[in-house]
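Remarks on the structure that follows.
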Amino acid sequence: MHSDGYVKSYDGLELYLVKDVPDSLKGIVVIVHGFAEHLGRYDYITKRLNDKGYGVYRFDNRGHGKTKGEKGHIEKFEEFLYDTDTIVDLAKKENPDVPIYMLGHSMGGFITASYGVKYRDKLKGQILSAAATSISPQVKGIKGNIFKIINKVAPKIRIKNPITTALCKNPEVVEKYLKDPLNLKDATLNFYVEFLIRGVNWLNENMDKYSYPCLILHGSEDKIVFKEASENFYDKISSKDKKLIIYDGLYHEIMNEITRDQVIDDICNWLENRLLNNNIGQNERK
């Protein structure tokens, strides 16, 4: 079953949601996309998950894609968490007898990890792809302080999307990304401050409260979010069931690389193991 439409979030904002649910259902995966992109970039992994018996709920984050409201702007990073919880609650209501998981990439990984801290018993596990869980070099130290000062007087200044050809090694993916009209070309200063400074700082201050079963994935050559972010997250969280895989030579969008099927196979295998209750309590780092 494929359907799309709008769902009202906690404050009435209409989130654009797409649901793909197979007839034979093992579980639901809520996908949370990254900064400046949209849910349509996750068609391939949705098909792969559907083929394995997993339904997928995808939505455009606040400020992104076809979701209503001002593009490239948020007031508070917590809005992302409340929006995501709206989708989780809907998935649980519509699929009461199956486990619910979450998969987040990049900024979506930050949202997923932060969701895991705030909502500790609503999911069966999480998958984080190149998750932005550490302070970015662009906003460290004095730069970050300057951004915060300017933001107090001019929060709506637009800053260009810094993401470039370093997305992945597949040139077709990069070309399509750059030409996609649904991808953000810029965002407000407040967006960057809330996400990259206030949000990531909050996550780091509360990382030890995270305890979900989780699969943490990263490319060793990621130039947008360094692999050390995932290594640090793996080390700091309290999860008893956690696994970290660093893919040698891959860039940021590991699920869009030429070798994407290896990554997606690892995701599917992890989900299958959760269903079988295998490997519980076994921490792995590759």
Side-chain angles (χ1 to χ4, degrees), residues 6-17 31-42 58-87 104-115 118 130-167 177-205 223-225 229 252-253:
Y6 285 89
V7 175
K8 285 189 177 181
S9 190
Y10 74 101
D11 60 351
L13 182 77
E14 293 183 80
L15 304 170
Y16 180 61
L17 170 68
I31 292 181
V32 189
H33 71 73
F35 170 68
E37 57 169 356
H38 59 94
L39 65 81
R41 301 190 72 236
Y42 293 79
R58 295 177 279 167
F59 68 104
D60 283 337
N61 281 316
R62 184 174 295 245
H64 291 74
K66 296 180 182 178
T67 281
K68 302 293 180 65
E70 184 177 356
K71 295 293 177 281
H73 181 70
I74 57 170
E75 292 293 332
K76 302 290 183 184
F77 82 88
E78 290 93 344
E79 293 171 336
F80 286 140
L81 310 187
Y82 304 148
D83 292 343
T84 303
D85 195 47
T86 297
I87 305 302
H105 170 71
S106 195
M107 184 189 78
F110 155 75
I111 296 169
T112 296
S114 299
Y115 184 94
K118 186 171 180 62
T133 54
S134 290
I135 294 291
S136 167
Q138 292 94 330
V139 294
K140 269 189 176 179
I142 193 167
K143 281 186 181 179
N145 291 332
I146 292 171
F147 281 167
K148 286 188 284 186
I149 290 168
I150 297 173
N151 193 53
K152 289 180 179 179
V153 294
K156 291 291 188 78
I157 288 176
R158 308 292 295 195
I159 298 177
K160 185 179 178 182
N161 173 6
I163 294 177
T164 64
T165 54
L167 279 178
Y177 174 87
L178 294 173
K179 291 180 178 179
D180 191 333
L182 283 178
N183 291 333
L184 295 178
K185 300 299 184 283
D186 58 24
T188 63
L189 177 59
N190 194 72
F191 188 112
Y192 288 99
V193 168
E194 281 296 314
F195 161 35
L196 292 173
I197 300 176
R198 184 168 167 265
V200 175
N201 275 332
W202 178 87
L203 175 59
N204 278 265
E205 289 167 3
K223 297 173 175 61
I224 295 171
V225 178
H252 186 58
E253 291 194 345

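Being a predicted model, the structure only gives us computed values, none of them experimental.
Proximity of a side-chain donor or acceptor of His73 to a complementary backbone N or O of Lys71 within less than 3.5 Å is not detected. Checking side-chain atoms of Asp85 against main-chain N and O of Leu81 turns up no donor-acceptor pair under 3.5 Å. Of the possible donor and acceptor atoms, one in the side chain of Lys185 sits under 3.5 Å from a partner among the backbone N and O of Asn183. At least one donor-acceptor pair under 3.5 Å links the side chain of Thr67 to the backbone N or O of Asp60.
Considering every non-hydrogen atom in both Glu37 and His33, the closest pair reads O-CE1, 3.3 Å. Between Tyr16 and Leu39 the shortest heavy-atom distance is CD2-CD2, 3.6 Å. Between Ala130 and His105, the shortest heavy-atom contact is CB-CE1, 3.9 Å. Here the shortest heavy-atom pairing between Ala229 and Ala131 reads CB-O, 4.0 Å. Taking every heavy atom of both residues into account, His252 and Ser106 meet most closely at NE2-OG, 2.9 Å. Scanning all heavy atoms of the two residues, the minimum distance from Leu17 to Arg58 falls at CD1-O, 3.1 Å.
Residue Lys8 places its NZ atom among 12 or fewer non-hydrogen atoms of other residues, nucleotides or ligands, all under 6.0 Å distant. For Lys66, the NZ atom is loosely surrounded, since the number of other residues' heavy atoms within 6.0 Å does not exceed 12.
The shortest distance between side-chain heavy atoms of Asp11 and Glu75 does not fall below 4.5 Å. Phe59 places a side-chain heavy atom less than 4.5 Å from the side chain of Thr84. At a threshold of 4.5 Å between non-hydrogen side-chain atoms, the residues Glu79 and Leu13 do not count as touching.
Rounding to the nearest 0.5 Å gives a distance of 8.5 Å between CD of Glu78 and OH of Tyr10. Rounded to the nearest 0.5 angstrom, Leu196 CG and Ser134 OG are separated by 11.5 Å. A distance of 10.0 Å separates CE in Met107 from OG1 in Thr112, rounded to the nearest 0.5 Å.
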Side chain to side chain contact (heavy atoms under 4.5 Å, CB included) between Asn61 and Asp83, worked out: CA-CA 8 Å; Asn61 281 316; Asp83 292 343; 5.9 Å; no
Please step through side chain to side chain contact (heavy atoms under 4.5 Å, CB included) for the pair Lys118 and Tyr82, ending with a clear verdict. CA-CA 10 Å; Lys118 186 171 180 62; Tyr82 304 148; 3.6 Å; yes
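Ring orientation note: the planes of Phe35 and His64 are nearly perpendicular, at an angle over 60° on the 30°/60° scale.
Proximity of the aromatic rings of Phe80 and Phe195 is defined here by a centroid distance below 6.0 angstrom, and this criterion is not met.
The pair Arg41-Glu253 counts as a salt bridge, with a side-chain nitrogen and a carboxylate oxygen less than 4.0 angstrom apart.
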